[in-house]
Amino acid sequence: MATSQASDIVIIGGGIAGSALAYFVSEARDGKKVTVIDRAFSRLNGSTGYAPGFVGQFNKSGVLTRLAVDSVKEYLKVPGGFDVVGGLEVATSSAGVENLKWRHTTARERGLEAEIISGRDAAKLAPDLVKEDNISALHFPGDGTANPTTIAAFFQSEARAGGVELLEADVTEICREDGRVSGVRTSVGFIQAQTVVLATGIWAKSLADFDIPIPVIPVAHPYMYGNYHEAKPYKSPFVRYPEHHVYVRDHGSFFGLGSYDHKPLAEQPKGSAIGDWFEEFDGTLDRALRLIPEKTKLVPREKFNGIFSMTPDNMPLVGEIPNVKGLYVAAGVWVTHAAGSARFLASMLKGETVDVTVRKALDPARFQGREMGSLVRESLNCYNSIYSTYENS
Ligand SMILES: Cc1cc2nc3c(=O)[nH]c(=O)nc-3n(C[C@H](O)[C@H](O)[C@H](O)COP(=O)(O)OP(=O)(O)OC[C@H]3O[C@@H](n4cnc5c(N)ncnc54)[C@H](O)[C@@H]3O)c2cc1C
């Protein structure tokens, strides 16, 4: 049934970014009406619904490190939302060892707990996921694994308790009048709003007709679940193999593994963040599985192509869109940085003074004047360096 209503703030997208934003905005208790719109809340169809939730707080970017630290603080408050299992970055070559040394020093300078340990000790921490003959590893005891859907559901229910409305609908257009946003057209009618936030993840481009490029580029990514096993008396840290672009985690009753070791593939997402499986992903997973101890007998029980967003500089786009007053975006946001990014944007929406360094780094207008084709290429080029930890991570 078509309706016409009004809201002060409309957030499009109820994934982890939009839900966290709704929660932080609702904390103000300032009487403003806030509406979050998503196509489906009961089963989140975006990347949040499929992410294994690795959260490594250290990042070459100081801004991303801060956003990750802020996010973990929030996730720890969510019942069942975050497991502090620690993170391991394993080096299999001397170049890899040098890189870990740099990361170790820089992480500690930024106040993160981190230690270099031997390959043997790494294998003791994660006996099912790390062989004994690796050279060394960098251990981050404070890192862990997030449960993105639990976190999003928690933020939604807290936001609802704070008066936020959750509306299941498809937004078809962001409407503008005289240089400012006037509302959104949806499958259930028009909603008038002076402030609209686009938090639609891999679908950001479809509503982003803003006269400036919004390079949030959906990419294909292979992830697999292993066979079920008896519960272990320990929970392994999540493990990254930076030189091999591989990561693996303990899901409790099974292991999961993903890899960036393939040619970057742009995606055109349809109804969900799951795309068709690419044949070459089989080789990608085969190569990755060679890193895992044979005794673990890790083989794919289920494999899928999970779609998420890349940007040209591996930084999210969070902030106001110039030229259209009242229009904001929170896209290209990882689980790792979602709560921190959302808290930052909530401060902006409340008119609070925000950190200038963070604002500039996340400014959605930073690609103004650039040609979209080259921004797409740059975003795809970033893909292989996500867990390489050498350049961009
Ligand atoms: C396989 C895989 C592995 C990943 N691994 C990690 C990891 O280890 N660590 C990490 O930090 N991140 C990881 N990510 C990335 C992370 O999942 C995403 O960056 C994050 O979940 C994005 O959240 P979001 O809220 O911005 O977007 P989404 O979760 O995609 O949410 C967007 C929402 O917008 C809604 N929407 C879109 N268009 C409309 C519209 N027109 N009208 C109404 N609603 C709309 C959608 O229904 C959706 O619910 C991974 C992702 C995948 C798929």
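Indexing begins at 1, ligand by ligand and atom by atom, following the structure's order.
Ring geometry for F155 versus Y75: interplanar angle of 30 to 60°, hence tilted.
Contact annotation: for F54 versus ligand 1, heavy atoms closer than 4.0 Å belong to both the backbone and the side chain. Contact annotation for A199 and ligand 1: only backbone heavy atoms (N, CA, C, O) come within less than 4.0 Å of the ligand. Contacts of T186 with ligand 1, taken as heavy-atom pairs under 4.0 Å, are absent altogether.
Per-residue contacts place S47 under 4.0 angstrom from the following atoms of ligand 1 (heavy atoms of the residue considered): 17 (O), 18 (C), 21 (O), 28 (P), 29 (O), 30 (O). Those atoms of ligand 1 with a heavy atom of V333 less than 4.0 angstrom away are 18 (C), 19 (O), 20 (C), 22 (C), 23 (O). Close contacts of ligand 1 with L207, meaning ligand atoms under 4.0 Å from a residue heavy atom, involve 41 (N). If you number the atoms of ligand 1 from 1 as listed, the ones under 4.0 Å from a heavy atom of I307 come out as 53 (C). In summary, the atoms of ligand 1 found under 4.0 Å from a heavy atom of W334, numbered by their order in the structure, are 6 (C), 9 (N), 10 (C), 11 (O), 12 (N), 13 (C), 19 (O). The D170 neighbourhood of ligand 1 comprises atoms 40 (C), 41 (N), 42 (N), with distances under 4.0 Å to a heavy atom of that residue. Short contacts between ligand 1 and G306, defined as distances under 4.0 Å to a heavy atom of the residue, involve ligand atoms 1 (C), 53 (C).
At least one N/O-N/O distance between T336 and ligand 1 falls below 3.5 Å. Every N/O-N/O distance between Y50 and ligand 1 stays at or above 3.5 Å. Backbone and side-chain nitrogen or oxygen atoms of Y247 are examined, and none is located within less than 3.5 angstrom of a nitrogen or oxygen of ligand 1. For V171, a nitrogen or oxygen atom sits less than 3.5 Å from a nitrogen or oxygen atom of ligand 1, counting backbone and side chain alike. Residue V335 has at least one nitrogen or oxygen atom sitting less than 3.5 Å from a nitrogen or oxygen atom of ligand 1, judged on distance alone.
Remark: R110 is not positioned above the aromatic ring of F58, lacking an NZ or CZ atom under 6.0 angstrom from the ring centre and at most 45 degrees off the axis.
Between atom 29 (O) of ligand 1 and the options I274, T149, T48, the minimum heavy-atom separation is to T48. Atom 17 (O) of ligand 1 has its nearest heavy-atom neighbour, among A17, G49, A51, in A51. Distances from atom 48 (C) of ligand 1 to the heavy atoms of D38, I174, L198 put D38 nearest. Taking all heavy atoms of G271, G201, P222 into account, the minimum distance to atom 27 (O) of ligand 1 is reached by G201. Selection from A169, S187, G258, G13 by nearest heavy atom to atom 43 (C) of ligand 1 gives A169.
In this structure, a donor-acceptor pair under 3.5 Å is absent between the side chains of S253 and H229. Under 3.5 Å, the side chains of E243 and N99 contain no donor-acceptor pair of N or O atoms.
Ligand 1 has at least one atom lying under 4.0 Å from a heavy atom of P52. Not close to ligand 1: P148, with no non-hydrogen atom less than 4.0 angstrom away.
For the side chain to side chain contact (heavy atoms under 4.5 Å, CB included) with L138, the lone residue among E115, H104, R240 that qualifies is H104. Shown are Y383, F281, Y223; of these, the ring-ring contact (aromatic ring centres under 6.0 Å, His included) with Y260 is made only by Y383.
A search for salt bridge (charged side-chain N to carboxylate O under 4.0 Å, His left out) contacts involving R287 returns D261, not counting sequence neighbours.
In this structure, V324 and R180 have side chains that are not in contact, with every pair of non-hydrogen atoms separated by 4.5 Å or more. When side chains are defined from C-beta on, Y225 does not count as touching L257, because their heavy atoms never get closer than 4.5 Å.
For the atom pair OG (S61) and CZ (R66), the distance works out to 9.0 Å, reported to the nearest 0.5 Å.
The backbone N or O of A169 sits nowhere less than 3.5 Å from a side-chain atom of T186 that would complete a donor-acceptor pair. Not one N or O on the side chain of E74 forms a donor-acceptor pair closer than 3.5 Å with the backbone of G340.
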May I have the list of side-chain donor-acceptor pairs in residues 45-54 shorter than 3.5 Å, sequence neighbours left out?
from: S47; atom 1: OG; to: I307; atom 2: O; distance (Å): 2.8
from: T48; atom 1: OG1; to: I16; atom 2: N; distance (Å): 3.1

